[in-house]
Amino acid sequence: MFIKAGNLLNTPSKLFIKGINPANADTGNQFDGKTLIRNDYYEQTYLLGLRYKL
């Protein structure tokens with residue numbers, strides 16, 4: 001029997017690039033001289049199983 005748990009703290013992942021593109025200034029994804037290009041939210045995952053050999 002095994003148990004596997006992932007992302008127990010439910011931590012989001014945010015990916016920024018340095019710099020601002022003036023052509024995209026109205027999108028709301030630019031903060032403190034950085035541009036947010038990806039924002040992922042992962043939920044907690046749990047896996048319970050049983051292993052056996054034949």
**Q** Can you tell if the side chain of Y42 reaches within under 4.5 Å of the side chain of S13, non-hydrogen atoms only?
**A**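 They are in contact (side-chain heavy atoms under 4.5 Å apart), so the answer is yes.
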**Q** Applying salt bridge (Lys or Arg N to Asp or Glu O under 4.0 Å) as the test, list every pair that has at least one member in residues 36-45; sequence neighbours left out.
**A**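 Those involving residues 36-45 are R38-D40.
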**Q** Not counting sequence neighbours, which residues clear salt bridge (Lys or Arg N to Asp or Glu O under 4.0 Å) with R51? List them please.
**A**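 In terms of salt bridge (Lys or Arg N to Asp or Glu O under 4.0 Å), with neighbours along the sequence ignored, R51 is linked to no residue.
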**Q** Rest of the hydrophobic cluster containing L54 (Ile/Leu/Val/Met/Phe/Trp/Tyr, side-chain heavy atoms under 4.5 Å)?
**A**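 Y52, which link up through side-chain heavy atoms under 4.5 Å apart, make up the rest of the cluster.
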**Q** Not counting sequence neighbours, which residues clear side-chain contact (heavy atoms from CB on, under 4.5 Å) with L9? List them please.
**A**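 By the side-chain contact (heavy atoms from CB on, under 4.5 Å) rule, L9 matches T11.
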**Q** Scan for salt bridge (Lys or Arg N to Asp or Glu O under 4.0 Å) pairs involving residues 2-24, sequence neighbours excluded, and state none if there are none.
**A**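 Found none.
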**Q** To the nearest 0.5 Å, tell me how far I17 CD1 sits from I37 CD1.
**A**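 The CD1 atom of I17 sits 5.0 Å away from the CD1 atom of I37.
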**Q** Under 4.5 Å between side-chain heavy atoms, chaining through other members, with only Ile, Leu, Val, Met, Phe, Trp and Tyr counted: pull out the rest of the cluster around Y41, sorted by chain and number.
**A**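 Hydrophobic cluster check, Y41: no partners found.
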**Q** Share the residues that join L48 in a hydrophobic cluster, the rule being Ile, Leu, Val, Met, Phe, Trp or Tyr side chains under 4.5 Å apart at the heavy-atom level.
**A**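 Result for L48 is M1, I3, L50.
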